[in-house]
Amino acid sequence: MATQRLSSAPFVSVGLPKKGFPSLRSSRLRICAAKAETVDKVCEIVRKQLALSSETSLTPSSAFADLGADSLDTVEIVMGLEEAFDITVEEENSQNITTIQEAADLIDKLVDKKAPAA
């Protein structure tokens, strides 16, 4: 079977690193970024619930499990967040909260949804 070239232009090959596109390798897409005040308040609640010293570094990417939290600790963190922000976190959403950033993003989303339309 014969193949025909549609153009007389030479073929050009572009070599990409085997790693691919770093931006496409992310496992989660960040659509919203929580307010700094929300992140700070979440850090404060996590620090209190897990009895972490003030020297323990907490960042938005800090994972609860890496801070020593088990599933019961995570439930208590979510309960503390609900109380502090006067929100209700559905069980399916609470299972997706594994980092400070995820918690703060969800809180801002729930608070915005709860706010009366102006």
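No hydrogens, no waters, no symmetry mates; every other heavy atom, side chains included, goes into these values. The chain is numbered in sequence order, starting from 1. Values in this document were obtained by computation on a predicted structure and should not be read as measured data.
- Remark: Thr74 engages no residue in a side chain to side chain donor-acceptor pair (under 3.5 Å) (not counting sequence neighbours).
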When you look at Ile97 and Asn93, which way does the side-chain contact (heavy atoms from CB on, under 4.5 Å) test go after all the steps? CA-CA 7 Å; Ile97 299 173; Asn93 287 333; 5.7 Å; no

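- For Glu76, the salt bridge (charged side-chain N to carboxylate O under 4.0 Å, His left out) test picks out no residue, with sequence neighbours left out.
- Rounding to the nearest 0.5 Å gives a distance of 12.0 Å between CG of Asp105 and CG of Asn96.
- For Ser62, the side chain to side chain donor-acceptor pair (under 3.5 Å) criterion is met by Thr59, not counting sequence neighbours.
- The shortest non-hydrogen separation linking Asp73 to Gly68 is OD2-O, 3.8 Å.
- Partners of Lys114 under the side chain to side chain donor-acceptor pair (under 3.5 Å) rule, at least two apart in sequence or in another chain, are Asp86.
- For Glu92, the side chain to side chain donor-acceptor pair (under 3.5 Å) criterion is met by no residue, not counting sequence neighbours.
- Leu52 and Leu67 make their closest contact through CD2-O, 4.1 Å (heavy atoms, listed as atom of the first residue, atom of the second, distance).
- For the atom pair Gln49 CD and Leu81 CG, the distance stands at 8.0 Å (nearest 0.5 Å).
- The backbone N or O of Val42 lies less than 3.5 Å from no partner atom in the side chain of Arg47, so there is not a single donor-acceptor pair.
- Looking only at side-chain heavy atoms (C-beta outward), Thr99 and Phe64 stay at 4.5 Å or farther from each other.
- Here the closest heavy-atom approach between residue Leu58 and residue Cys43 is recorded as CD1-O, 3.4 Å.
- Listed here is the closest heavy atom pair of Leu110 and Val89: CD1-CG2, 4.0 Å.
- Each side chain to side chain donor-acceptor pair (under 3.5 Å) pair with one or both residues in residues 35-45, not counting sequence neighbours, appears once here: Thr38-Asp108.
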